[in-house]
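So the structure is just underneath, and the comments pick up after that.
Reckoned from all heavy atoms, side chains included, excluding hydrogens, waters and symmetry mates.
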Amino acid sequence: MDVWLTFTNELMKTTPLAFDYQSTTPCSEEVLKAMSPYWNEVWGNPSSKQNRLGLNASAAITVARDKLAALLDVPSQRLIFTSGATEANNLALLGHARAKALEYGRPGHLITISTEHQAVIKPLRQLQKEGFRVTELTPNSDGMITLDSLKNVFSEDTFLVSAMVANNEIGVLQPISEIASLCKSRGITFHSDAAQGFGNVPIDFKKIGIDFASISGHKLYGPKGIGLLIANETCNLIPLQWGGDQENGIRAGTLPVPLVVGFVKAAELAIEHLDVHYKYLKGLRDQLWQGLNNEIPDLIINGSLERRLPHNLNFTVGGVIGSLLHKQLRPLISCSSGSACSNGSPSHVLISLGRTTQQAEASLRLSVGRSTTLKDVDIAVEVISNVVQKLRG
């Protein structure tokens, strides 16, 4: 039995190496500890303030909200807890567009980027069915858009632009500050899906002037099922669900106290240690890319390498069949060819960058995490390079 086969068999007996931290992250120990009392000790309904259990739960929500508001440097009334960034995106886009249509008496025009997450693209396409006009900008080959390309598609009835902080597949960082400034100068609402960027790169929501920003807890080493919409109180929203007056009447439903507490704790830890984590993750990512390039020199990077999340790599492997590449890697490394929400379809992000369907299928998104080690990186380089060489014959 050759060395490679022995090595592979040993790896298959263990859990695959984790290189998919952009799809989700494990809860940190500090987050689990913070949530613990709210599962079965302080278990009251925060909306029921007629008894001590409810009052204690309500107080926990208030404290968590105030901590988060201070952390983000925004008024606490701007924070709307949701089930995640997907709901936050839907609430911002559908809720604000429908409010604007009522205000103006007709649907208007919205602008986004063709590489946005489906949680942005699909709500906008729903708005198209309701009579709104939507323009999807195609980015340059590096995944970036220019301000000129945005200016060129503005029209008299443009009322909203949506551009994510960091792309969930290729990790590209859009010029959010410049886009926000341009929108503000024209009185246009600006929404940004910040799920991938928040906690990984510095974002000054107050300084930038984002009207709506969406965040997700499980991208921050926090719990799944909780997220946030930061909403400009001057931008009207029509609720998407009804039944209660929670979250200032914008989002009905009993708040999950443990998840809110855990989410806020995860956000605190992410911001507190952002510089340390950034340097560590970028170092791992650069080592991974260098190692892969040494073994497979013809890899094609997808998106700008310079303007990218510190923990993201996305590249196309030539000369292999994508389905076989992923089949061979699956028992050894947890990674993906695109978004966790794509259900195996070729990445619309890579197609927008000009990749063919075959190239998109033969692409890998690798994302390192806080628990990734240099040894993990070295093993990943060896595993991927060996699989590619075998598939190339």
- Item | Intermediate values then yes/no, side chain to side chain contact (heavy atoms under 4.5 Å, CB included), Asp286 and Gln290 | CA-CA 6 Å; Asp286 291 346; Gln290 181 180 346; over 6 Å; no

Any side-chain heavy atom of [X] sitting closer than 4.5 Å to one from [Y]?
X      : Y      : result
Leu110 : Thr158 : no
Asp211 : His191 : no
Leu353 : Ser141 : no
Leu72  : Leu228 : yes
Phe19  : Val368 : yes
Lys282 : His311 : no
Ile121 : Glu136 : yes
Leu325 : Arg330 : no

Is there a donor-acceptor pair closer than 3.5 Å between any side-chain N or O of [X] and the backbone N or O of [Y]?
X      : Y      : answer
Ser114 : Leu137 : yes
Glu247 : Ala252 : no
Arg308 : Ser304 : yes
Lys219 : Gln22  : yes
Arg78  : Glu233 : no
Ser385 : Glu382 : yes
Thr25  : Tyr21  : no
Arg355 : Glu361 : no
Arg307 : Leu173 : yes
Asn140 : Gly143 : no

Inter-residue atom distance [X].[atom1] - [Y].[atom2], 0.5 Å rounding:
X      : Y      : atom1 : atom2 : value
Ser323 : Gln328 : OG    : CD    : 10.5 Å
Ile113 : Ser162 : CD1   : OG    : 8.0 Å
Phe315 : Asp298 : CZ    : CG    : 11.0 Å
Leu350 : Thr357 : CG    : OG1   : 10.5 Å
Phe263 : Met35  : CZ    : CE    : 12.5 Å
Thr82  : Arg251 : OG1   : CZ    : 6.5 Å

- Message: Could you go through Arg125 and Glu130, starting from their C-alpha distance and side-chain angles, then the distance that decides it, and tell me whether this counts as salt bridge (Lys or Arg N to Asp or Glu O under 4.0 Å)?
- Response: CA-CA 9 Å; Arg125 290 180 179 167; Glu130 298 175 17; over 6 Å; no

Of the non-hydrogen atoms in [X] and [Y], which two are nearest, and what is the gap between them?
X      : Y      : answer
Ser192 : Ala163 : OG-O, 2.7 Å
Ala92  : Leu229 : CB-CD1, 3.9 Å
Cys335 : Leu364 : SG-CD2, 4.1 Å
Leu237 : Leu91  : CD2-O, 3.3 Å
Ile351 : Ala360 : CD1-CB, 4.2 Å
Gly303 : Val172 : CA-CG2, 3.8 Å

- The residue among Thr86, Thr112, Asn89, Asn167 that forms side chain to side chain donor-acceptor pair (under 3.5 Å) with Asp193 is Asn89

- Could you check Asn200 against Leu220 for side chain to side chain contact (heavy atoms under 4.5 Å, CB included), going step by step and ending with a plain yes or no? CA-CA 8 Å; Asn200 289 309; Leu220 299 169; 5.8 Å; no

Transitive ILVMFWY side-chain link [X] to [Y], under 4.5 Å:
X      : Y      : result
Leu305 : Val201 : no
Leu299 : Val383 : yes
Val74  : Leu68  : yes
Ile179 : Val165 : yes
Ile333 : Leu288 : yes

Answer yes or no: are there more than 12 heavy-atom neighbours, outside [X] itself, under 6.0 Å from its atom [atom1]?
X      : atom1 : answer
Asn294 : CG    : yes
Lys224 : NZ    : yes
Leu71  : CG    : yes

- Task: For Thr316 and Asn302, run side-chain hydrogen bond (donor to acceptor under 3.5 Å, both in side chains): C-alpha distance rounded to whole Å, both residues' side-chain angles, the deciding distance at 0.1 Å, then the answer.
- Result: CA-CA 7 Å; Thr316 297; Asn302 293 318; 3.1 Å; yes

- With Arg370 as the cation and Tyr221 as the aromatic partner, state whether NZ or CZ is under 6.0 Å from the six-membered ring centre and within 45° of the axis. yes

- Query: How far apart are the C-alpha atoms of His96 and Phe212, what are their side-chain angles, what is the distance that settles it, and do they pass the ring-ring contact (aromatic ring centres under 6.0 Å, His included) test?
  - Reply: CA-CA 10 Å; His96 186 58; Phe212 293 111; 5.3 Å; yes

- When you look at Asp157 and Arg133, which way does the salt bridge (Lys or Arg N to Asp or Glu O under 4.0 Å) test go after all the steps? CA-CA 9 Å; Asp157 62 343; Arg133 292 167 33 250; 2.7 Å; yes

- Query: Of Val134, Leu93, Leu94, which meets side chain to side chain contact (heavy atoms under 4.5 Å, CB included) against Gln126?
  - Reply: Leu94

- Task: Start with the C-alpha gap between Glu156 and Arg186, add the side-chain angles, then the distance that decides, and say whether salt bridge (Lys or Arg N to Asp or Glu O under 4.0 Å) holds.
- Result: CA-CA 10 Å; Glu156 290 185 1; Arg186 296 178 178 241; over 6 Å; no

- For Ser36, enumerate each residue passing the side chain to side chain contact (heavy atoms under 4.5 Å, CB included) test, keeping only those at least two apart in sequence or located in another chain. none

- Query: Which is it for Phe154 and Ile188 under the side chain to side chain contact (heavy atoms under 4.5 Å, CB included) test, yes or no, and what are the steps along the way?
  - Reply: CA-CA 10 Å; Phe154 279 134; Ile188 295 171; 3.4 Å; yes

- Message: Could you walk me through whether Asn152 and Ser149 satisfy the side-chain hydrogen bond (donor to acceptor under 3.5 Å, both in side chains) test, starting with their C-alpha distance in whole Å, then the side-chain angles of each, then the deciding distance to 0.1 Å, before giving a yes or no?
- Response: CA-CA 5 Å; Asn152 290 338; Ser149 67; over 6 Å; no

- Item | Set of salt bridge (Lys or Arg N to Asp or Glu O under 4.0 Å) partners for Glu103, sequence neighbours left out | Lys100

